[in-house]
Amino acid sequence: MGTILVTGGAGYIGSHVARQLGERSERIVTLDNLSTGFRAAVLYGDLVVGDTGDATTVARVLRDYGVDTVMHFAAHIVVPESVADPLKYYRNNTASTRTLLQCCVEAGVRHFVFSSTAAVYGIPAGGVASEDTPTAPINPYGRSKLMSEWMLADVAAATPLRYAALRYFNVAGADPGGRIGQSTPAATHLIKVACEHVVGKRDHVAIFGTDYDTPDGTGVRDYIHVEDLAAAHLNALDYLRGGGAPVTLNCGYGRGFSVREVLDCVAAVASRPLTIREAPRRAGDPPTLVAEARLIGRILDWVPHYRDLPGIVGTALAWEWTLTDRGTDDVARTEQAKLSSPVVA
Ligand code: UDP
């Protein structure tokens, strides 16, 4: 087996996948520009500090490490930011993916696992999206990822490269072993924000929109534990190695929770009430987005193990306390940077 290149492997989801790959004794190398990632999150293999949009670096890594599989996580992921600064998203998510793909084709990379998003569906009828629901993203983030999916499909039709595009729903939680988690400063995602409030980093949690056409008026999402999501990538790898055809799959559990239900769960897990403020809707948010999630189980033999919301929240909160014990986010960043991990500059 060749080496697996994990782009964005110092980030939240990439580091969980890389950890599981390392635990399985796969050969891996991480490429990350550390714009939002952390050296200390790279638990296995070398870290090359660089950009997926830098063809020279990417070509060198593919060659030097004998890469035959790429797992591509490096991306910006914040919907409201993509609305405010769309070109940042088209550069880092779309244009960089194009560069990466060109390097992959030139180096003869065989397998590509792509980190896509449920945001490609926009506002699906009934709030539930299956893989054949028409894609109609409503924000630049979703469009930047959908364009990458299209490139992948076209490249796979024209070359031997085969891919799995995994459309993530709302990823949350952390490594149950407590080694890594979501460390992103200035996080915007609901469970992370609520956990930051619990540990005292924020004085309240805002609910963005209470007048949606949903059972309690707040947005409904399909929250998936990062550990299950990471496992899906290893299954996708096995599938591609086994000769599987290019495939696009939803990664969710097929059930939704409202913002209020999530906040109730966080309060219950934390054993304390939260300070909640109702706020206007956030730009680019669909009311409901839940996966029709049967295909991934069938195609990849994927069986989730961490489906319960309290478990997701519990690991997220445990990680937040770990970060807090290390100091503020800025201090944590510095301290984590000092921790040694093999680095190739
Ligand atoms: N949300 C909220 N307050 C927050 C963050 C998020 O009410 O501080 C809501 C958001 O409007 C959406 C849901 O929580 O309905 C999930 O948002 P998140 O940013 O976690 O993920 P997204 O679905 O945008 O990828």
Side-chain angles (χ1 to χ4, degrees), residues 11-13 36 73 75-86 89 93 115-124 127-129 136-146 166-174 181-182 184-199 201-226 229 250-253 255-267 270 274-291 309 312-313 316-317 319-320:
Y12 171 44
I13 299 170
T36 55
F73 300 94
H76 294 314
I77 57 158
V78 179
V79 169
E81 183 188 45
S82 80
V83 176
D85 191 356
Y89 280 68
N93 294 6
S115 164
S116 190
T117 171
V120 300
Y121 295 118
I123 306 179
V128 178
I138 59 167
N139 52 56
Y141 169 63
R143 285 190 275 271
S144 72
K145 288 282 188 174
L146 182 57
L166 302 181
R167 291 177 174 164
Y168 309 162
F169 283 66
N170 287 65
V171 189
Q182 190 173 9
T184 332
T188 60
H189 291 111
L190 178 65
I191 290 178
K192 172 82 179 168
V193 166
C195 290
E196 287 182 347
H197 170 54
V198 169
V199 303
K201 286 183 198 156
R202 296 174 188 257
D203 63 4
H204 73 281
V205 187
I207 298 183
F208 297 134
T210 53
D211 58 350
Y212 284 111
D213 185 16
T214 58
D216 68 15
T218 68
V220 172
R221 297 289 185 277
D222 188 339
Y223 294 89
I224 174 173
H225 197 300
V226 67
L229 179 75
N250 283 347
C251 291
Y253 294 140
R255 51 96 180 99
F257 291 102
S258 72
V259 174
R260 283 195 199 284
E261 286 172 326
V262 169
L263 296 183
D264 285 348
C265 179
V266 173
L274 309 184
T275 303
I276 292 171
R277 293 198 196 140
E278 298 186 1
R281 294 180 181 195
R282 198 174 60 175
D285 274 354
T288 300
L289 195 51
V290 173
L309 189 62
I312 295 174
V313 167
L317 189 54
W319 177 251
E320 208 56 55

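Note that ligands are numbered from 1 as they come in the structure, with each ligand's atoms numbered from 1 the same way. Positions are given from 1 along the sequence.
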J.: Run through T210, I207, D211 and flag the one making a side chain to side chain contact (heavy atoms under 4.5 Å, CB included) with R281.
T.: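 Only one of T210, I207, D211 forms a side chain to side chain contact (heavy atoms under 4.5 Å, CB included) with R281, namely D211.
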J.: Are side-chain N/O atoms of E81 and Y89 paired as donor and acceptor at under 3.5 Å?
T.: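 Note: E81 and Y89 side chains meet the donor-acceptor criterion.
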J.: If you define the side chain from C-beta out and look only at heavy atoms, does anything of V198 sit under 4.5 Å from E320?
T.: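 Heavy-atom side-chain distance check fails, nothing below 4.5 Å.
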J.: Which atoms of ligand 1 have any heavy atom of R221 under 4.0 Å away?
T.: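 Numbered from 1, ligand 1 contributes 12 (C), 15 (O), 16 (C), 23 (O).
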J.: Could you tell me whether D213 atom CG has more than 12 heavy atoms of other residues or ligands within 6.0 Å of it?
T.: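 Result for CG/D213: open.
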J.: Would you say R260 and T214 make side-chain contact, with heavy atoms under 4.5 Å?
T.: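 Not touching, per the 4.5 Å side-chain cut-off.
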J.: Determine whether the side chain, the backbone, both or neither of Y223 has a heavy atom under 4.0 Å from any heavy atom of ligand 1.
T.: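 Side chain only.
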J.: What residue and heavy atom of the protein are closest to atom 5 (C) of ligand 1, and at what distance?
T.: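 Answer, as residue, atom name and distance: T188 O, 3.3 Å.
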J.: Considering only non-hydrogen protein atoms, determine which one is nearest to atom 9 (C) of ligand 1 and report residue, atom name and distance to 0.1 Å.
T.: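 The closest heavy atom on the protein side is V259 CG2, 3.6 Å.
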J.: Show me which atoms of ligand 1 lie under 4.0 Å from any heavy atom of R282.
T.: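 The list of qualifying atoms is 5 (C), 6 (C), 10 (C), 17 (O), 18 (P), 19 (O), 24 (O).
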J.: For atom 10 (C) of ligand 1, what's the nearest protein heavy atom and its distance?
T.: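 The closest one turns out to be D285 OD2, 3.4 Å.
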J.: Verify, without hydrogens or angle tests, whether H197 (side chain) and T275 (backbone) share a donor-acceptor contact under 3.5 angstrom.
T.: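 At least one qualifying donor-acceptor pair exists.
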J.: Any idea which protein heavy atom is nearest atom 4 (C) of ligand 1, and the distance to it?
T.: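 Here the nearest protein heavy atom works out to F208 CE1, 3.4 Å.
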J.: So, the side chain of T288 versus the backbone of G127: is there a donor-acceptor pair under 3.5 Å, distance only?
T.: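 Between the backbone of G127 and the side chain of T288 there is no qualifying donor-acceptor contact (under 3.5 Å).
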J.: Among all protein heavy atoms, pick the one closest to atom 21 (O) of ligand 1 and tell me residue, atom and distance.
T.: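 Looking at atom 21 (O) of ligand 1, the protein heavy atom closest to it is N170 ND2, 3.0 Å.
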J.: Need the ligand 1 atom indices (1-based, order shown) with element for anything under 4.0 Å from a heavy-atom of I207.
T.: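 Going through ligand 1 atom by atom, the ones under 4.0 Å from I207 are 7 (O).
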J.: For the pair N250 (side chain) and G252 (backbone), establish whether a donor and an acceptor sit closer than 3.5 Å, ignoring hydrogens and angles.
T.: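 Flag not set: sc N250 to bb G252 has no pair under 3.5 Å.
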J.: For A206, which part has a heavy atom under 4.0 Å from ligand 1: side chain, backbone, both, or neither?
T.: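 A206 to ligand 1: backbone contact only, side chain stays beyond 4.0 Å.
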J.: For atom 20 (O) of ligand 1, what's the nearest protein heavy-atom neighbour? Residue, atom name and distance, please.
T.: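 Answer for atom 20 (O) of ligand 1: L190 N, 2.7 Å.
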J.: Find all atoms of ligand 1 within a distance of less than 4.0 Å from any non-hydrogen atom belonging to V193, and give their numbers and elements.
T.: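 Those qualifying, in numeric order: 8 (O).
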J.: If the cut-off is 4.0 Å to any non-hydrogen atom of G219, which atoms of ligand 1 fall inside it?
T.: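 So the atoms of ligand 1 that pass are 15 (O).
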J.: Would a distance-only check, ignoring hydrogens and angles, find a side-chain to backbone donor-acceptor pair under 3.5 Å from R255 to A291?
T.: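 The answer is no, because no donor-acceptor pair under 3.5 Å joins these two groups.
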